[in-house]
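In what follows, a single structure is set out as structure tokens and then discussed.
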Amino acid sequence: MYMKRLIQLVICLSILTTSAFAKGGIGEKFFFQLGGTVGADVMNMSGVFCKDAEAKGIEPIEFSSLNVNFATISFVGRANFLEISNNSSLSLAFRPAISIGRAMNDLGSNSSMIRLPLTIGFNSGASATVATRAKTGFSFDLGAEFIQYPLGNAVDVCRNEGGQVLNVKMNWIQPVAVVGVKFFGKKYLCKELNFKACFMSMGSIDNKTAIDSNLYGTIYDWQSVGLMVSFLQYLNY
């Protein structure tokens, strides 16, 4: 179901891209960026297994895992819905990113994730509108993102008292904040240094693990906090 929705979003963005590269009209409201980061993308996740199994004589198992994405590719599709002036606007942005990396914990395990953030933001200066002549600018966005972690096999995070490896595979939605600093480089191409932060604290989250789902199918006291610093290139501005 999630893959079907992703395909629908990609098709929609493809149509918008065609409009964006057309001269004049609605195409002037759309902006597209491509970029990513190497190493500067981390997310720490923690939780508790078996918290509700104490009555059965099973001790809760706490874990914490720092996921480091070694390579992340990001795309941004932005639509201005209100242009306040030549140098400022309000916009809606879709910011999909796919990453590969490793979970840094006692076991160590390769990992991957896809993030699908949707944000609303304020843009000032460079790239705020097609009419601005500013050489620098900034943006500030708030929104929420859907995360699938990992994309393939479950990620190992800890062991139980019997030495069995416990792993996680899950998806969730969390709030995000994004700040962008925009500037022009050579050949009059606008670039952006982008900072994205996220945080979520939940009472419990479903764990789609292949091991005993009765014991490990729910993660309690679950938290995630992440930070990504990336570099983006405008494609049509």
Side-chain angles (χ1 to χ4, degrees), residues 1-3 5-6 37-74 95-118 142-178 195-230:
M1 180 175 66
Y2 298 118
M3 184 57 65
R5 291 178 181 175
L6 179 58
T37 186
V38 177
D41 183 5
V42 297
M43 184 179 295
N44 190 73
M45 290 166 271
S46 62
V48 181
F49 289 115
C50 304
K51 186 176 180 179
D52 63 344
E54 291 182 90
K56 302 177 183 178
I58 301 174
E59 292 294 326
I61 304 167
E62 298 182 5
F63 74 89
S64 180
S65 181
L66 176 65
N67 193 84
V68 179
N69 288 316
F70 299 142
T72 298
I73 297 175
S74 301
R95 306 169 176 273
I98 187 168
S99 308
I100 56 172
R102 189 167 181 81
M104 304 297 184
N105 50 52
D106 293 339
L107 301 177
S109 179
N110 293 332
S111 65
S112 59
M113 67 170 67
I114 188 169
R115 286 163 286 183
L116 304 175
L118 186 65
L142 291 173
E145 66 179 350
F146 169 84
I147 297 181
Q148 176 63 52
Y149 177 82
L151 297 179
N153 296 329
V155 174
D156 300 336
V157 292
C158 64
R159 296 180 185 273
N160 60 18
E161 291 183 350
Q164 182 184 19
V165 173
L166 305 183
N167 52 38
V168 298
K169 185 169 186 176
M170 51 198 174
N171 55 66
W172 69 95
I173 296 175
Q174 64 185 14
V176 295
V178 184
F195 305 86
K196 182 170 81 74
C198 59
F199 174 79
M200 174 56 75
S201 179
M202 300 173 64
S204 63
I205 186 172
D206 291 337
N207 183 25
K208 299 174 177 60
T209 180
I211 56 180
D212 191 342
S213 60
N214 291 325
L215 288 177
Y216 309 114
T218 301
I219 301 172
Y220 298 90
D221 299 341
W222 185 85
Q223 288 188 347
S224 70
V225 57
L227 177 65
M228 179 172 71
V229 181
S230 60

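If you're wondering where the values come from, they're calculated on a predicted model, not measured in any experiment.
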Sequence neighbours left out, what passes side chain to side chain contact (heavy atoms under 4.5 Å, CB included) with [X]? Give chain and number order.
X	answer
Val68	Val42, Leu66, Phe70, Met104
Ala154	Asn167, Lys169
Thr72	Thr37, Asp41, Asn69, Ser74, Ala97, Ser99, Arg115, Met228

Contact check, side chains of [X] and [Y], non-hydrogen atoms, under 4.5 Å:
X	Y	answer
Phe63	Val168	yes
Asn44	Ser64	yes
Met170	Asp206	no
Ser46	Gln223	yes

Can you check side chain to side chain contact (heavy atoms under 4.5 Å, CB included) on Tyr149 and Trp172, steps first, answer last?
-> CA-CA 9 Å; Tyr149 177 82; Trp172 69 95; 3.9 Å; yes
Is it true that atom [atom1] of [X] has more than 12 heavy atoms of other residues, nucleotides or ligands lying nearer than 6.0 Å?
X	atom1	result
Gln164	CD	yes
Ile100	CD1	no
Asp212	CG	yes

Shortest non-hydrogen separation from [X] to [Y] and the atoms involved:
X	Y	result
Phe199	Gln174	O-CB, 4.2 Å
Val155	Ser111	CG2-CB, 3.9 Å
Ile61	Cys158	CG2-SG, 4.0 Å
Asn105	Val157	ND2-CA, 3.6 Å
Arg159	Leu107	NE-CD2, 3.5 Å

Decide yes or no on side chain to side chain contact (heavy atoms under 4.5 Å, CB included) for Cys198 and Met43, but give the supporting numbers first.
-> CA-CA 9 Å; Cys198 59; Met43 184 179 295; 3.8 Å; yes
Side chain to side chain contact (heavy atoms under 4.5 Å, CB included) between Arg102 and Asn67, worked out = CA-CA 6 Å; Arg102 189 167 181 81; Asn67 193 84; over 6 Å; no
Which residue pairs satisfy the salt bridge (charged side-chain N to carboxylate O under 4.0 Å, His left out) criterion with at least one member in residues 213-225, sequence neighbours excluded?
->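 Only Lys51-Asp221 qualify under salt bridge (charged side-chain N to carboxylate O under 4.0 Å, His left out).
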From [X] [atom1] over to [Y] [atom2], what is the distance, rounded to the nearest 0.5 angstrom?
X	Y	atom1	atom2	value
Asn171	Gln148	CG	CD	4.5 Å
Ile147	Ser224	CD1	OG	6.0 Å
Ile98	Ile114	CD1	CD1	5.0 Å
Asp156	Asn110	CG	CG	10.0 Å
Ile205	Thr218	CD1	OG1	10.0 Å
Leu166	Asn160	CG	CG	5.0 Å

Kindly write out the residues that satisfy ring-ring contact (aromatic ring centres under 6.0 Å, His included) with Tyr216, not counting sequence neighbours, or none if the list is empty.
->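 Partners of Tyr216 under the ring-ring contact (aromatic ring centres under 6.0 Å, His included) test: Phe49.
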Note: Lys196-Glu145 ion pair, threshold 4.0 Å (strictly below) =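 Counted as a salt bridge, because a side-chain N and a carboxylate O are separated by less than 4.0 Å.
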Please walk me through it: do Glu59 and Glu161 pass side chain to side chain contact (heavy atoms under 4.5 Å, CB included)?
-> CA-CA 9 Å; Glu59 292 294 326; Glu161 291 183 350; 3.7 Å; yes
Taking only residues two or more places apart in sequence, or in another chain, which ones meet Asp106 in a side-chain hydrogen bond (donor to acceptor under 3.5 Å, both in side chains)?
->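 side-chain hydrogen bond (donor to acceptor under 3.5 Å, both in side chains) list for Asp106, sorted by chain: empty.
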